[in-house]
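A short write-up of the structure that comes next.
No experiment lies behind these values; they were computed from the predicted model shown. In what follows, chains carry the letters A, B, and so on, assigned in the order in which the sequence lines appear, proteins first and then strands, with residues in each chain numbered from 1.
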Amino acid sequence: MLQEALREINRGSAEIIDNERIEKLLKAYFEEGKTYTVKAGFDPTAPDLHLGHTVLLQKLATFQKYGGRVQFLIGDFTASIGDPTGKNITRKILSKEDIKKNISSYTTQAFKILDESKTDIVYNNDWLAPLGSIGMLELASNLTVARMLERDDFSKRYAAQTPIALSEFMYPLLQGYDSVHLKSDIELGGTDQKFNLLMGRQLQKAYDVKKQQAVLMMPILEGLDGIQKMSKSLNNYIGVTDEPNDMFGKVLSISDELMWRFYELLSTKSLEEIAKIKSAVEDGSLHPKKVKEDLAIEITCRFHNEELANNAKVEFDKIHAKSQIPTEIDEFSCDSEIWIAQALVDCNIEPSTSQARRDIKQGAVKIDQEKISDIQLQLSAGEYILQVGKRKFAKLKVN
RNA sequence: GGUGGGAUAGUCAAGUGGCCAACGACGGCAGACUGUAAAUCUGCUCCCUAUGGGUUCAGAGGUUCGACUCCUCUUCCCACCA
């Protein structure tokens, strides 16, 4: 039982620091029913969770299964100083209401995975704000500049001559102090967080908390391209609030190679099961497309439901395998005869008439499933299904 | 505070008076192909009813028939020195 739990906790993890402590905590749970705390921090600036975030959430849920109480930390204080990523972007300070709104959408998304009854939502503004400037300076005395510059992303940015704000140096300290205040037993984070996570251990020691948190790091999930990390700004993400059809399609679009990574980090199938599937694909008895479809359905199911997931599959086949039009299309109407390029822009499937012209020339535009080539075409009264490429559709009614 | 270097399209990055709507790379879009929105190959990639017109190279002025390119000031970034 204990071994099984430990194996499940280890699954997919990139690195664990102080594994013995985790074993001890679990043993105490299995033998005496003792619970412990698992901390993970979230930034309230990005309200849309994607699958990259859920890797961590799923790991937290695993701990909840085995006696862990999750400290779901909202970094509302740290967000207000956060890390300004390069360039001259002045960071906008989030208003209280914005943060609140973000958080509530955040948590409703997170509780699709986490057990709400075993989760404490905490805000670091509650203890960081009262810290004051003296407390802040005291905190800062725990770290030298040299050590800070050792940190990979700082040294890289320094070398690349991108600016680093002084306040960014405070970020790991504050995050570490959160662990001091919360007396966390374990902290979870991505591998990119290593420095900050270790800071928690160091500060817990410095502030004499009597324990040092164990650290479990999850790998960063690759995005749809399979190379860069999944992130919203790179637009290679699958959002947990994505429409079922999109979600299904996006999963199906990943490479066969990446699919196994997704299985390991996102599927709830056991490792044995996955190994079995993998060997079946290798010996040719199972088609990779089928395996990917199953994954797409599992994931779509998790964030929507079975019916919607199955519909998404049917819909996908309809559009791509049989190249038919989707069941639901956005409808638009206009009052008089309209030029085709303008119509495409008005229906939001082309960004400009210039782009529309180019696409028409390339044979990418279809009306009622028929390719068109006349740039000057006028649409007279009637109903049309407009299509650009394989994925952009609109229905237009001309009166 | 001083000295020097820099700011070019979504990103990186060429371009040192007309050949510049601006090389190239990445990204993005499309076409062909495919089990796929993958991979690969090909084309496109500022806007405008367009063999033409308009607006761009941090910002404001100036020199010039003509400026991304030269001059002045401003803003921001980087390095070295203090």
Practice item. Test A:T300 against A:I297 for side-chain contact (heavy atoms from CB on, under 4.5 Å), laying out the working first. Key: CA-CA 5 Å; A:T300 312; A:I297 286 179; 5.7 Å; no
Check your understanding: With a 4.0 Å cut-off on heavy atoms, is A:K371 in touch with a base, just the backbone sugar-phosphate, or nothing at all?
Key -> sugar-phosphate
Review point. Where the side chain of A:D359 is defined as all heavy atoms beyond and including C-beta, which of B:A37, B:G35, B:A30 is the nearest nucleotide?
Key: B:A30
Practice item. Determine the contact category for A:K290: base if any of its heavy atoms lies under 4.0 Å from a base atom, sugar-phosphate if only primed atoms, P, OP1 or OP2 are that close, otherwise nothing. Key: nothing
**Study point:** Check: A:K59/A:S13 side-chain N/O donor and acceptor closer than 3.5 Å
**Key:** no
Review point. Contact class for A:K366 (heavy atom, under 4.0 Å): base, sugar-phosphate, or nothing?
Key: nothing
Review point. If you check every side-chain atom of A:D256, which of B:G35, B:A30, B:A37 has the closest atom?
Key: B:G35
Review point. Contact class for A:E257 (heavy atom, under 4.0 Å): base, sugar-phosphate, or nothing?
Key: nothing
Check your understanding: What does A:G389 touch in the nucleic acid at a heavy-atom separation under 4.0 angstrom: a base, only the sugar-phosphate, or nothing?
Key -> sugar-phosphate
Point to revise | Paired nucleotide for B:U72 [Watson-Crick or G-U wobble; both distances under 3.5 Å] | key: B:A60
Check your understanding: Do A:S184 side-chain atoms and A:I186 backbone N/O form a donor-acceptor pair below 3.5 Å?
Key -> no
Exercise for review: Identify whether any heavy atom of A:Q387 sits under 4.0 Å from a base atom; if not, whether one sits that close to sugar-phosphate; answer base, sugar-phosphate or nothing.
Suggested key: nothing
Check your understanding: Under a 3.5 Å cut-off for both distances, is B:U51 Watson-Crick or wobble paired, and to whom?
Key -> none
Review point. So, do A:W339 and B:U49 meet the stacking rule of ring centres under 5.5 Å and planes under 30°?
Key: yes
Practice item. Establish, yes or no, whether a centroid distance under 6.0 Å links the rings of A:Y177 and A:Y207. Key: yes
Revision key, fill the gap. pair_partner(B:C12), Watson-Crick or wobble, both distances < 3.5 Å, evaluates to B:G24
Point to revise | Centroid-centroid distance, A:Y106 to A:F42, less than 6.0 Å | key: yes
Point to revise | Distance-only donor-acceptor test (3.5 Å): side chain A:Q362, base B:G43 | key: yes
Point to revise | Same-atom distance (C1') from B:A9 to B:C73, integer angstrom | key: 27 Å
Practice item. Identify whether any heavy atom of A:K361 sits under 4.0 Å from a base atom; if not, whether one sits that close to sugar-phosphate; answer base, sugar-phosphate or nothing. Key: nothing
Check your understanding: Would one find a side-chain N or O of A:S352 under 4.0 angstrom from OP1 or OP2 of B:C48?
Key -> yes
Point to revise | Residue that, paired with A:L51, satisfies side-chain contact (heavy atoms from CB on, under 4.5 Å) out of A:R302, A:K250, A:M230, A:M247 | key: A:M230
Review point. Below 4.0 angstrom from OP1 or OP2 of B:A37, is there any side-chain N or O of A:H320?
Key: yes
Practice item. Counting Watson-Crick and G-U wobble pairs only, both distances under 3.5 Å, name the nucleotide matched with B:A79, or none. Key: B:U3
Check your understanding: Of the candidate nucleotides B:A30, B:U36, B:C33, which contains the atom at the shortest distance from the side chain of A:K390?
Key -> B:C33
Review point. If you measure from the C1' atom in B:A67 to the same atom in B:U8, how many Å do you get, rounded?
Key: 14 Å
Check your understanding: Could you state the CZ-P distance from A:R357 to B:G52, rounded to the nearest angstrom?
Key -> 13 Å
Point to revise | Residue matched to B:C29 through Watson-Crick or wobble contacts both under 3.5 angstrom | key: B:G43
Exercise for review: Assign A:S354 to base, sugar-phosphate, or nothing according to its heavy-atom contacts below 4.0 angstrom with the strands shown.
Suggested key: base
Exercise for review: For A:T353, answer base if it contacts any base atom (sugar-phosphate contacts may also be present), sugar-phosphate if it contacts only those atoms, and nothing otherwise; contact means non-hydrogen atoms under 4.0 Å.
Suggested key: base
Check your understanding: Just checking, is any N or O donor in the side chain of A:E337 or A:S380 under 3.5 Å from an acceptor N or O on the other one?
Key -> no
Check your understanding: Do A:R358 and B:A30 have a side chain to base donor-acceptor pair shorter than 3.5 Å?
Key -> no
Review point. Base, sugar-phosphate, or nothing: which does A:D317 touch, judged by heavy atoms less than 4.0 Å apart?
Key: nothing
Study note, to complete from the structure: When both distances are under 3.5 Å in a Watson-Crick or G-U wobble arrangement, the nucleotide paired with B:U36 is none
